**Student:** 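Dumping the structure here so I can ask a few things about it.
Any value given below was found using the heavy atoms of this structure, including those in side chains, with hydrogens, waters and symmetry copies removed. Please read all numbers here as calculations on a predicted model, not as lab measurements.
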Amino acid sequence: MIRKKEKHLTTSEEDLMEMFWASDKPLTSVDILTLSEGRSWNGNYVHIMLRSLLKKGMIQVCGTIQCGTQYARQFIPAVTKEQYAAKLVMSKGIGKNSIAAVTVAMVNEVDETDGEELVKQLEEIIEELKNQEPKEK
């Protein structure tokens, strides 16, 4: 869970999270340096960002792998892109009473040709929510 004061990521942290979200396998700092060609990131900066993302609960360690003569930790995202986006929206003061209005506004931003499919997905989500057991508080 992202803590209240730590919801926001820096631009570089968001770029790094995009790499995690796009990857179908765990990443090491070596992998990140390879993927970040064209950026001014060095090994020290990548380690600083990884520590920050760990502290913010955005990534988690899932193992180690041998890289040359050393071992490197492997990381995976602990939060999906959608979960992060939801927390970001909620941090802007959008509360549970506005979720429907925000959803409608987002649907209106989608190309009309995708609208029917999106409505179908939303209907399926609503049915799933109706059939869920109530959460204990």
Side-chain angles (χ1 to χ4, degrees):
M1 183 66 69
I2 302 174
R3 288 183 213 106
K4 190 154 187 92
K5 71 175 193 163
E6 300 178 58
K7 282 187 176 106
H8 300 286
L9 301 179
T10 66
T11 303
S12 292
E13 288 171 342
E14 281 190 4
D15 288 347
L16 182 49
M17 284 307 301
E18 289 291 343
M19 287 181 194
F20 280 110
W21 290 321
S23 179
D24 58 351
K25 66 180 183 69
L27 298 177
T28 65
S29 58
V30 175
D31 296 328
I32 293 164
L33 284 170
T34 303
L35 290 170
S36 64
E37 283 183 22
R39 291 187 173 91
S40 60
W41 298 355
N42 61 31
N44 192 43
Y45 186 63
V46 168
H47 285 284
I48 290 169
M49 286 194 298
L50 288 171
R51 259 193 311 271
S52 177
L53 291 174
L54 279 167
K55 185 179 177 187
K56 292 176 181 180
M58 295 295 294
I59 61 173
Q60 62 191 26
V61 177
C62 67
T64 57
I65 190 169
Q66 190 166 357
C67 290
T69 59
Q70 299 181 343
Y71 285 90
R73 292 185 297 171
Q74 295 178 300
F75 303 93
I76 56 172
V79 175
T80 66
K81 190 173 187 174
E82 293 78 12
Q83 289 169 326
Y84 175 65
K87 295 207 180 292
L88 211 52
V89 167
M90 299 296 269
S91 76
K92 300 290 184 193
I94 304 295
K96 63 182 178 180
N97 296 333
S98 302
I99 291 173
V102 170
T103 303
V104 169
M106 290 177 74
V107 169
N108 287 334
E109 291 294 320
V110 175
D111 184 9
E112 280 186 37
T113 56
D114 297 328
E116 283 184 38
E117 179 61 29
L118 187 56
V119 169
K120 182 180 173 189
Q121 289 174 0
L122 289 170
E123 287 172 342
E124 290 171 3
I125 291 168
I126 290 168
E127 281 305 310
E128 284 178 32
L129 290 172
K130 284 180 179 178
N131 295 327
Q132 274 184 357
E133 294 292 322
K135 291 182 183 178
E136 289 186 29
K137 293 185 180 183

**Student:** Can a donor-acceptor pair be found, under 3.5 Å and without considering hydrogens, that links the side chain of T80 to the backbone of Q83?
**Tutor:**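 Flag set: sc T80 to bb Q83 pair under 3.5 Å.
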**Student:** Is the count of non-hydrogen atoms from other residues, nucleotides or ligands lying under 6.0 Å from E37 atom CD greater than 12?
**Tutor:**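 No - once you tally the heavy atoms of other residues, nucleotides and ligands closer than 6.0 Å, there are 12 at most.
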**Student:** So, taking the atom named CG in L122 and the one named CD in E124, what distance separates them when rounded to the nearest 0.5 Å?
**Tutor:**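 With rounding to 0.5 Å, CG (L122) is 9.5 Å from CD (E124).
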**Student:** Answer yes if F20 and Y45 sit in the same cluster of Ile, Leu, Val, Met, Phe, Trp and Tyr residues linked by side chain heavy atoms under 4.5 Å apart, and no otherwise.
**Tutor:**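 Yes, same cluster.
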**Student:** With a 4.5 Å cut-off on side-chain heavy-atom distances among I, L, V, M, F, W and Y, is there a chain of contacts connecting V30 to L35?
**Tutor:**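 No, V30 and L35 fall in different hydrophobic clusters.
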**Student:** Linking I/L/V/M/F/W/Y whenever their side-chain heavy atoms sit closer than 4.5 Å, directly or via other members, would V61 and L50 fall into one cluster?
**Tutor:**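 Same hydrophobic cluster.
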**Student:** Would you name the heavy atoms of W41 and L16 that are closest together and state the gap between them?
**Tutor:**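 Heavy-atom minimum between the residues: CH2-N, 3.9 Å.
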**Student:** Of the options I59, I48, T10, which is the one that meets L53 in a side-chain contact (heavy atoms from CB on, under 4.5 Å)?
**Tutor:**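 In the set I59, I48, T10, the residue that makes a side-chain contact (heavy atoms from CB on, under 4.5 Å) with L53 is I59.
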**Student:** Using a cut-off of 6.0 Å, state whether more than 12 heavy atoms not belonging to Q70 lie near its atom CD.
**Tutor:**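 No, the 6.0 Å shell around CD holds no more than 12 heavy atoms from other groups.
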**Student:** Are the side chains of E13 and H8 in touch, meaning some heavy atoms are under 4.5 Å apart?
**Tutor:**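 Contact flag for E13/H8 side chains = no.
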**Student:** How long is the span from the CZ atom in R39 to the CE atom in M19, to the nearest 0.5 Å?
**Tutor:**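 Between R39 CZ and M19 CE, I get 3.5 Å after rounding to 0.5 Å.
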**Student:** When rounded to the nearest 0.5 angstrom, what distance separates CE in M17 from OG in S12?
**Tutor:**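 Rounded to the nearest 0.5 Å, the CE-OG separation comes out at 13.5 Å.
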**Student:** Which pair of heavy atoms, one from P26 and one from D31, lies closest together, and at what distance?
**Tutor:**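 Here P26 and D31 meet closest at O-OD2, 3.9 Å.
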**Student:** Counting C-beta onward and ignoring hydrogens, is there a side-chain heavy-atom pair between Q121 and E117 closer than 4.5 Å?
**Tutor:**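 Yes - at least one pair of side-chain heavy atoms lies under 4.5 Å apart.
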**Student:** Provide the closest heavy-atom pair for G57 versus A78 in the form atom of the first, atom of the second, distance.
**Tutor:**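 That would be O-CB, 3.5 Å.
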**Student:** Would you call F75 and T28 a side-chain contact if the rule is heavy atoms closer than 4.5 Å?
**Tutor:**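 They are not in contact (no side-chain heavy atoms under 4.5 Å apart), so the answer is no.
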**Student:** For L54 and Q60, work out which heavy atoms get closest and say how close.
**Tutor:**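 Nearest heavy atoms, L54 then Q60: CD2-CA, 4.0 Å.
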**Student:** Please report the shortest heavy-atom distance between L9 and Y84, naming the atom on each side.
**Tutor:**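 In terms of heavy atoms, the two residues are closest at N-OH, 3.3 Å.
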**Student:** Considering non-hydrogen atoms only, spot the tightest contact between M58 and W21 and give its length.
**Tutor:**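 In this case the closest contact between M58 and W21 is CE-CZ2, 4.1 Å.
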**Student:** Are any non-hydrogen side-chain atoms of M49 and I32 less than 4.5 angstrom apart?
**Tutor:**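 Side-chain contact under 4.5 Å: no.
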**Student:** For the atom pair CG (L33) and CG (L27), what is the distance rounded to the nearest 0.5 Å?
**Tutor:**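 L33 atom CG to L27 atom CG measures 11.0 Å (nearest 0.5 Å).
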**Student:** Could you tell me whether E123 and K120 have a side-chain N and a carboxylate O separated by less than 4.0 Å?
**Tutor:**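 No salt bridge links E123 with K120.
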